Asks: 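Here it is, the structure, as structure tokens.
Numbering of ligands and ligand atoms starts at 1, following listing order. Values in this document were obtained by computation on a predicted structure and should not be read as measured data.
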Amino acid sequence: MLKEKLQKAIEVINRNDRGGFTIPTNKLYPHQWNWDSAFTALGISTYNKTRAWQELILLINAQWTNGMIPHIVFHENNPNYFPGPNHWQIKANSKTSCHSQPPVLASVILEMVKDGDDYDLKKSQSLFNSLIAYHEWFFSARDPNNEGFLSIIHPWESGRDNCPDWDLGLQKVNIPEDFEEYLRCDTSHVEVSQRPTNEDYDKFMSIVQYGKNCNWDPMNMYNHGPFLAIDPGINFIFLKANKDLLSLAKLLNYKNKIHKIEDWIKKLENGCQKFWNDKVKAFTAFDVRTNQFCDAITNASMLCLYAGAGTDKQKKYTIEHCKRILDDCVYGMPSLDPKHESFESKRYWRGPVWLIMNYMILIGLENEKEYLLAKRIKDDTIRLTDVGGMFEYFDPLTGKGLGGKNFSWTAAIFLKLYRENYDFQLFNN
Ligand code: DGY
């Protein structure tokens, strides 16, 4: 049974292979996405290393000269997706979107090296400088005042597009007078009730229009852009990525990089105190434009354990939230605390379970020796793919698969978690 599911997971990824890069799913997301591709490479690396590295190389090839690795790479035009390349830039030279996404790349690469051999170490060596440049870009563009935390300039940069974390900030985003008319494509592929609202999209596109008009100048976006928020997700993922980059530098014997990365880590470890929300006793999002905390406890709040960040007391509170929230649903970890007034079990990042988040939370819980909780998440992860299939996300109350079907990163996480149970020579053809 498990063996058939592993085979099925490989088939899902193969079907989404577009020759060197993997789309998340047909029609809904027909391009290469940053963190999707990184997690997908992790899954592919369990059965085809060469192809896994190729996935990462194609993504990193799209890196801008300033170091930014974009959230979408448009390898070809595709009318099924909006907003395509022409909506992002006045002169769409680079054929990419113009902001980034959670930087899981260094962590994925370290994981592939740890599970691999000399071949993998060599590959990581060829990508190391690009990773450094990517992290440097995050510091200069998203923390220009050197405060030790990153702020995102668009909800899409968080990867958790419509979670309640951004409600405060999006309320303040004005629709410009010369707002460009647009037509969404996503709701012709997925039920409207499972996607962000039209109101969200108007705000998303207003920010894109602002960015396009200022040529996505990082200082303009940071200081004057319509939206600026501190995301616990991206901050904890970045901290973990820096710790993993440090391990990689040590493995590669890059002594001259070690101090610099150690300083980055120290800075981020201190900086995360900025978004400890003592009112709800959790790390939560903070809207910079209105200077207010968001009160939602989300699956991103749990990532402090993944990053090994926060004081012992803060970690303890987080573990308590984790327990309580798992008790409140049938399948964990929901993207939003079910007790929160904005919880919607089927709507994208306002309730559903996402396996990539489960994977990172699992690592965090194991780091904290919370093995029972970790096991619960791991068991839920397998139950969800039994009940719901290889979907994009899942209803935490019923397990129903939601959003895009035959989804690459869901298949990839499944492979990553369970591949050790079988000899993968069986599947590797
Ligand atoms: C989408 O199109 O829904 C994506 O999440 C934006 O990156």
Asks: Give the table of side-chain donor-acceptor pairs shorter than 3.5 Å for residues 233-244, with sequence neighbours excluded, one pair per line with atom names and distance.
Replies:
| residue | atom | partner | partner atom | Å |
| --- | --- | --- | --- | --- |
| Asn235 | OD1 | Leu150 | N | 2.7 |
| Asn235 | ND2 | Leu150 | O | 3.1 |
| Asn235 | ND2 | Asp231 | O | 2.9 |
| Lys240 | NZ | Asp244 | OD1 | 3.2 |
| Lys240 | NZ | Asp244 | OD2 | 3.1 |
| Asn242 | OD1 | His135 | ND1 | 2.8 |
| Asn242 | ND2 | Phe238 | O | 2.9 |
| Lys243 | NZ | Glu269 | OE2 | 3.2 |
| Lys243 | NZ | Ala307 | O | 2.7 |
| Asp244 | OD2 | Ser107 | OG | 2.8 |

Asks: Tell me if the CD atom of Glu320 is crowded by more than 12 foreign heavy atoms within 6.0 Å.
Replies: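 More than 12 within 6.0 Å, yes.
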
Asks: List the residues meeting side chain to side chain donor-acceptor pair (under 3.5 Å) with Lys405, not counting sequence neighbours, and say none if there are none.
Replies: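 Not a single residue meets the side chain to side chain donor-acceptor pair (under 3.5 Å) criterion with Lys405.
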
Asks: Does Arg195 make a cation-pi contact with Tyr348, if we ask for NZ or CZ under 6.0 Å from the ring centre and within 45° of the axis?
Replies: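 Cation-pi check for Arg195 and Tyr348: passes.
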
Asks: Identify whether NZ of Lys or CZ of Arg in Lys257 sits under 6.0 Å from the centre of the six-membered ring of Phe128 and within 45° of that ring's axis.
Replies: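 That pair does not qualify as a cation-pi contact.
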
Asks: Which atom pairs, nitrogen or oxygen on both sides, join ligand 1 and the protein at under 3.5 angstrom?
Replies:
| residue | atom | partner | partner atom | Å |
| --- | --- | --- | --- | --- |
| ligand 1 | 2 (O) | Tyr81 | OH | 2.6 |
| ligand 1 | 3 (O) | Arg195 | NH2 | 2.8 |
| ligand 1 | 3 (O) | Tyr348 | OH | 3.2 |
| ligand 1 | 5 (O) | Asp161 | OD2 | 2.5 |
| ligand 1 | 5 (O) | Tyr348 | OH | 3.0 |
| ligand 1 | 7 (O) | Trp33 | NE1 | 3.1 |
| ligand 1 | 7 (O) | His71 | NE2 | 2.7 |

Asks: With sequence neighbours excluded, tell me which residues meet side chain to side chain donor-acceptor pair (under 3.5 Å) with Lys323.
Replies: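 Lys323: no side chain to side chain donor-acceptor pair (under 3.5 Å) contacts found.
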
